[in-house]
2 protein chains.
Amino acid sequence: MIELRHLKYFAAVAREQNIGRAALALNISQPPLTRQIQQLEEEIGAPLFIRSVKGVELTAAGQALYADATAILSLTDLAIERARRAAHGQLGRLDVGIFGTGVFDVVPRVLLKFRNAFPDVEIAMHTMTKEQQVEALRQRRITIGFNRLVSKYPDVKSRVVMWERLVVGVPRSNPLAERDAISIADLAGQPLVLFPSTGHPNFSDFVAHQCREHGFIPQVVQEVGDAVTGVALVASGFGVCIIPESATHFKASGVVYVRLKESPPTMLDVSCLYLRDDPSPILREFLRILEAFRAENGVTGDA
Amino acid sequence: MIELRHLKYFAAVAREQNIGRAALALNISQPPLTRQIQQLEEEIGAPLFIRSVKGVELTAAGQALYADATAILSLTDLAIERARRAAHGQLGRLDVGIFGTGVFDVVPRVLLKFRNAFPDVEIAMHTMTKEQQVEALRQRRITIGFNRLVSKYPDVKSRVVMWERLVVGVPRSNPLAERDAISIADLAGQPLVLFPSTGHPNFSDFVAHQCREHGFIPQVVQEVGDAVTGVALVASGFGVCIIPESATHFKASGVVYVRLKESPPTMLDVSCLYLRDDPSPILREFLRILEAFRAENGVTGDA
DNA sequence: CGTAAGTCATACTTGTCCGGTATGGCGCGG
DNA sequence: CCGCGCCATACCGGACAAGTATGACTTACG
């Protein structure tokens, strides 16, 4: 059976045009090298070298094989190196489940940090709901997911990436738009646009809960799928909306964002979800980056 | 050191997801296979499989390596096969030196026959003079050359591919154009266009010699580089020319080709030149095709 | 719950074969 | 003609691949 050893020896002899010199270069003695070449020729079924007084010279078959042998040898080195890098999470693919307002700030910042550290890892983002993310994690279709207000699952761990304050989106025509800061209680009686309408517990439930905590029943005029639609409705004068601060990266004409002055401020999480027993080295490296991100941004605790 | 054996075993285990079954497929027992996999993992420096109760599963590093391993293994099989084919002259490149009138008939017929037999051999044609062909043969820039009237060289062998009769190219206005056949003696006093002017002995010398043998000194009006130019001059009324029969594949308006009626006819060779001690299997195969060509066309003898 | 059946890992033996040393054969050049 | 390069052959020792036997462990099932 032909082994890489044969090809390696063959390539050395072909380069040196001389078996003795090749043996020296390979740090073996000449007779075993001669034998290996003979074996290779036996396997091929044809001479690969023409033996002369000066040394050896490639035959047509030898020339053909030399081209392929060098390719095989370098491909093998490459394969080993790539396997090693894959083992250390420096190569491969990170499938990420993302969600609506996450794309405005936190998610890109974290992923960018990861991309800079591991440029050879391909990052694929898939927009999906919380339930879809958990299911996709279980089916290994994604390695991590980003979301808010994550329930407990036995097989899924979560880690808070960022705590965010809330702001209120108000139409410019609304008197509240003139204020520097308002409290949640000021929203009593204001028509409220909520999102998303799917997947509980969700941000919509969270906002409704905050309102009740501050003593009023929210007057929901519209419930929509995502933040962008919500803000658009606010711009059209449907009412006001409460959004996480990072979503203010999305500007809409006619909408003013006013901060909430609760103290201590009501905080909302962006968390990262991953499978509890996923051994993937890429995940391990990602979590290291995530912890660094938390440290840089002074994030503590978990949801 | 990693060997192809490791990759082959690894690929089998990866395919079967089960060491025992893979061992069965490889016709070895299970323990050695386990050990080879362990060795490979040792070399890579990371586990390639996650062992479970049901069998084994590829890690990220294993997945990366599997893709490369299959590529390496198939490339190796391919390389062996190609080396074998190269040994039998079924793969590679045939560089051919050709000459002016040869391209009209004999050379393409022989090369086409060779191409049909060995479609994977690339054929490259290079137009060159006789001296250039001999020099190119010695420098291995061409494997065979085609030419006429080849002198003897100690290191170059030649073999006649085809014997050709001569015909006379006559302007339609010339009275000789009315004749069915003429003899060389009839050309006495006719202005003669000769070619080529370079590389002796050449066709030009040959024709002049034939004229003298038939009792007249040729009246050379023009000596040009190639047959096409010569026939063009004949069409313009410069005179008549003598060309090998195969060159009549080149039609020029205003030129009539009249056969020579000498008996026995004067014959001119197209020969194939090759290096006496060239061991190339492609040359060997080409010469076999050449002999078949000679047999088909009843060609005997040599120049 | 204990046994049977499946998995992979380990221990030990056997034989192959790689690599080393010593030597031979051969052509070339001083 | 002898010495110096080559490559090839002969032989030995040791490493290691493969085989047999067995163990450790988990699941499935009566």
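FYI, side chains are in, hydrogens and waters are out, and symmetry mates aren't considered; it's all heavy atoms of this structure. By convention in this document, chain letters (A, B, ...) are assigned in the order of the sequence lines, proteins followed by strands, and residues within each chain are numbered from 1. Note that this is a predicted model, so its numbers are computed, not measured.
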For residues 116-125 of chain B, run the donor-acceptor check on the side chains, cut-off 3.5 Å, and write out each pair with its distance to 0.1 Å, sequence neighbours left out.
from, atom 1, to, atom 2, distance (Å)
B/N116, ND2, B/L112, O, 3.3
B/D120, OD2, B/R85, NH1, 2.6
B/E122, OE2, B/R93, NH1, 3.2

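One finds no side-chain N or O of B/Q36 lying less than 4.0 angstrom from the OP1 or OP2 phosphate oxygen of D/dC16. Here B/R51 reaches the OP1 or OP2 of C/dA9: one of its side-chain N or O atoms lies under 4.0 Å away. Taking side-chain N and O atoms only, A/T34 has a distance below 4.0 Å to OP1 or OP2 of D/dA8.
As rounded to whole Å, 13 Å separates atom P of C/dA9 from atom CD1 of B/I50. Remark: P of D/dA18 and CG of B/L24 are 15 Å apart, rounded to the nearest angstrom. Across the protein-nucleic acid pair, A/L33 atom CG and D/dT9 atom P stand 14 Å apart, rounded to whole Å. Between the CD atom of A/E43 and the C1' atom of C/dC17 there is a distance of 14 Å, rounded to whole Å. When rounded to the nearest whole Å, the span between CD of B/Q39 and C1' of D/dA18 equals 12 Å. Here D/dA8 presents its C1' atom at 15 Å from CD of A/E42, a figure rounded to the nearest Å. Rounding to whole angstrom units, CG of residue A/L4 and C1' of C/dC18 are separated by 16 Å. B/L26 has its CG atom 14 Å from the C1' atom of D/dA17, to the nearest Å.
Ring to ring, A/Y274 and A/F286 are not that close: their centroids are 6.0 angstrom or more apart.
With sequence neighbours left out, B/E135 forms a side chain to side chain donor-acceptor pair (under 3.5 Å) with B/Q139. By the side chain to side chain donor-acceptor pair (under 3.5 Å) test, B/D155 pairs with B/R138, sequence neighbours left out. Residues that satisfy the side-chain contact (heavy atoms from CB on, under 4.5 Å) test with B/R109, not counting sequence neighbours, are B/D105, B/M162, B/F293, B/N297.
For DNA chain C, the residues of residues 7-22 of chain A within the heavy-atom distance limit of 4.0 Å (strictly under) are A/Y9, sorted by number.
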Protein and nucleotides 19-21 of chain D: nitrogen or oxygen contacts under 3.5 angstrom:
from, atom 1, to, atom 2, distance (Å)
D/dG19, OP2, B/S29, N, 2.7
D/dG19, OP2, B/S29, OG, 3.0

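For B/E42, the CD atom counts as loosely surrounded, since its 6.0 Å shell holds 12 or fewer non-hydrogen atoms of other residues, nucleotides or ligands.
Of the N and O atoms on the side chains of B/H6 and B/Q39, at least one donor lies less than 3.5 Å from an acceptor on the other residue.
Under the 30°/60° scheme for interplanar angles, the aromatic rings of A/Y66 and A/F10 are found to stand perpendicular.
Taking the charged nitrogens against the carboxylate oxygens, B/R141 and B/D95 have no contact shorter than 4.0 Å, which rules out a salt bridge.
Residue-level contact check: B/E3 touches neither bases nor backbone, having no heavy atom under 4.0 Å from any strand.
DNA chain C is contacted by both B/G55 and A/H6; B/G55 maps to the nucleotide lying nearer its 5′ end (nearest heavy atom per residue).
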